[in-house]
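All remarks here apply to the structure that follows.
Letters A, B, ... are given to chains in the order of the sequence lines, protein chains preceding strands, and every chain is numbered from 1.
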Number of protein chains: 2
Amino acid sequence: MKSDKVSEQTTKRLSIYLRCLNELAAAGQVSVSSEACAKRFGLNSAQIRKDLANFGEFGHRGVGYNVSALREHLIRILGLDRQHSVGIIGAGRLGTALADYYRVLDSNFAVAALFDNDKDKIGKKVGDIEIFDIKNFAAVAKRDNIEVAVIAVPAGEAQATIEIIDKTGISAVMNFAPVRLRASAHIKLKSVDMTTTLESLSYFLANDSQ
Amino acid sequence: MKSDKVSEQTTKRLSIYLRCLNELAAAGQVSVSSEACAKRFGLNSAQIRKDLANFGEFGHRGVGYNVSALREHLIRILGLDRQHSVGIIGAGRLGTALADYYRVLDSNFAVAALFDNDKDKIGKKVGDIEIFDIKNFAAVAKRDNIEVAVIAVPAGEAQATIEIIDKTGISAVMNFAPVRLRASAHIKLKSVDMTTTLESLSYFLANDSQ
DNA sequence: AACTGTGAAGGGCTTCACAGCG
DNA sequence: CGCTGTGAAGCCCTTCACAGTT
């Protein structure tokens, strides 16, 4: 039963399920039940079935799911059957580390370019990824068909950065700067806020623990 | 009205509120209403009031909240009125970038030590932070009073790493490895999974966007 | 017999709406 | 009058439980 609106949380879990299936496939397992999968990876079996049911009927009653078939389905559903080009804005420590991280991670995401406003960095390379002037973002993004922009600039420059991204029509943004960004509605923005995460852990240390 | 159980999401937002208050304080604003704050930072005013009400009555009816007083309250609630010592395990690109990131970020979190199992790295320094043998984790963690452990090792080593952390009694862990970790109940684990985040963005690119 | 797909129940978080207070 | 603090409503997500299918 194809559903029109799939929740954000479901899409996150699809990615987790895919990872589980990769493990199972690597272990040579052919078939898996939602219950077995849930037990092994600490999930809820009803939720797995419900999440998958958003996209079709992939299971076989009395049997379970075929590992490799379901894997293929998830890859297609998540749009991982083709390469995605990523641009990282901010070629400081974090930006370059992320560039490196995504390169190693064998995935369908490839960092095509880095951007910065520091003249000393522009023109240099990180591995084989060139650092461009942020002023040329639109042109390079178009040339390299960048679909995902990663913000790794200081907090104070993040809002201006997402506005530059916005103008180019890129619709997927991952933000690492510790600020709440405002962007137009067509942009899908995911923020990784380490300050917030740490402070929330601090609350736990101060209150919950023990 | 003090509540016994505060939701995870509330604690995350407290951190965001604190950031807002810092901005307002820096701008010299003395007082702010939940409505004005919500508008400015894209939040919901009722939620702000409700979140704060978990910890006391900080507002003044007809007036709003005193910026600096509320700021002090949040700092205390979040346990940010003292320094926290952080240990980063994995001195690769990501681990060292994070070490650098946390150093710059002027906060109450200070990276006390890095850990690795690579003999070539052990003994070296990143800035003024020494890289220790992971075998000495318990001893160094105790010596430096490490309260928060950050996992920045390859996926395959993450589970073993959290087990090492677990044994020392550290109860706050931030994980950057792209795996779902199992830990004993007393550990508060926050995972930042870039693979999951990117794949979820990929779903959006493949389906939602226009 | 085993396991999926799903209606219904349950639980939690967010938002509304307003009483109450300054 | 303005704004907080909060009961109630609404919404969404998760979990249960089982009918249906192979």
Side-chain angles (χ1 to χ4, degrees), chain A residues 1-17 20-21 24 29-67 69-71 73-74 77 180 196 200 203 208, chain B residues 1-17 20-21 24 29-67 69-71 73-74 77 180 196 200 203 208:
Chain A
M1 182 187 294
K2 299 245 177 190
S3 136
D4 309 64
K5 204 58 194 165
V6 174
S7 87
E8 190 112 359
Q9 334 210 29
T10 296
T11 68
K12 261 192 181 170
R13 282 191 301 264
L14 291 180
S15 169
I16 291 168
Y17 301 157
C20 296
L21 290 167
L24 292 172
Q29 202 166 324
V30 173
S31 180
V32 70
S33 72
S34 61
E35 186 61 38
C37 194
K39 272 241 173 66
R40 170 146 178 201
F41 298 103
L43 309 163
N44 177 290
S45 66
Q47 188 161 68
I48 295 176
R49 295 197 298 276
K50 212 145 223 194
D51 282 339
L52 296 177
N54 281 300
F55 303 96
E57 304 205 352
F58 305 131
H60 303 282
R61 288 165 200 249
V63 182
Y65 299 85
N66 179 286
V67 171
L70 184 55
R71 200 171 150 272
H73 277 300
L74 287 182
I77 291 166
R180 205 171 176 76
T196 300
S200 165
Y203 172 84
D208 271 22
Chain B
M1 182 186 292
K2 301 244 177 193
S3 138
D4 309 63
K5 203 58 194 164
V6 174
S7 87
E8 192 112 359
Q9 334 210 31
T10 296
T11 67
K12 261 192 181 171
R13 281 192 301 263
L14 291 180
S15 169
I16 291 168
Y17 301 156
C20 297
L21 290 167
L24 293 173
Q29 202 166 323
V30 173
S31 179
V32 69
S33 73
S34 61
E35 185 61 38
C37 195
K39 272 240 173 68
R40 167 146 181 201
F41 297 103
L43 308 162
N44 177 292
S45 67
Q47 189 160 67
I48 295 176
R49 294 197 300 275
K50 209 144 226 195
D51 283 339
L52 296 177
N54 280 301
F55 303 97
E57 305 204 351
F58 305 131
H60 303 282
R61 290 167 198 246
V63 182
Y65 299 86
N66 178 285
V67 171
L70 185 55
R71 198 171 151 271
H73 277 300
L74 287 183
I77 291 166
R180 206 172 174 76
T196 300
S200 165
Y203 172 84
D208 270 22

Do any side-chain atoms of residues 41-48 of chain B form donor-acceptor pairs under 3.5 angstrom with protein atoms, and if so which ones, sequence neighbours left out?
| residue | atom | partner | partner atom | Å |
| --- | --- | --- | --- | --- |
| B:N44 | OD1 | B:A46 | N | 2.8 |
| B:N44 | OD1 | B:Q47 | N | 3.1 |
| B:S45 | OG | B:E35 | OE1 | 3.1 |
| B:S45 | OG | B:R49 | NH1 | 3.4 |

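Taking atom NE2 on B:H73 and atom C1' on D:dT4, their separation rounds to 15 Å, with Å as the unit. In this structure, A:K5 places its NZ atom 15 Å from C1' of D:dC13, rounding to the nearest Å. Atom CZ in B:R13 sits about 12 Å away from atom C1' in C:dT15, given to the nearest Å. A straight line from CG of B:N66 to C1' of D:dT4 spans 15 Å, rounded to a whole angstrom. Computed from coordinates, the A:N54 CG to D:dT14 P distance equals 11 Å when rounded to whole Å.
Residue A:L21 holds its CG atom at 10.5 Å from OH of A:Y65, rounded to the nearest 0.5 Å. To the nearest 0.5 Å, atoms CG (B:L74) and CG (B:L52) are separated by 6.0 Å. Note that OG of A:S34 is 13.0 Å distant from NZ of A:K50, once rounded to the nearest 0.5 Å. How far CG of B:N54 is from CD1 of B:I77: 9.0 Å, rounded to the nearest 0.5 Å.
Within residues 42-52 of chain B, the residues approaching DNA chain D are B:R49, B:K50, by heavy-atom distance under 4.0 Å. The stretch residues 29-41 of chain A touches DNA chain C through A:S33, A:S34, each having a heavy atom under 4.0 angstrom from the strand.
Looking at residues two or more places apart in sequence or on another chain, you find no salt bridge (Lys or Arg N to Asp or Glu O under 4.0 Å) involving B:R61. Applying the salt bridge (Lys or Arg N to Asp or Glu O under 4.0 Å) test to A:E8 and every residue at least two apart in sequence or in another chain returns A:K188, A:K190. Residues that satisfy the salt bridge (Lys or Arg N to Asp or Glu O under 4.0 Å) test with A:R71, not counting sequence neighbours, are absent from this structure.
In this model, the phosphate group of C:dA1 is not approached by any side-chain N or O of A:R61 to a distance below 4.0 Å at OP1 or OP2. Regarding contacts with the backbone of C:dG5, a side-chain N or O of A:Y65 is found under 4.0 angstrom from either OP1 or OP2.
B:L70 is not listed as a side-chain neighbour of B:Y17, based on a closest heavy-atom distance of 4.5 Å or more.
Nearest-nucleotide assignment on DNA chain D puts the 5′-proximal partner with A:T10, out of A:T10 and A:H60.
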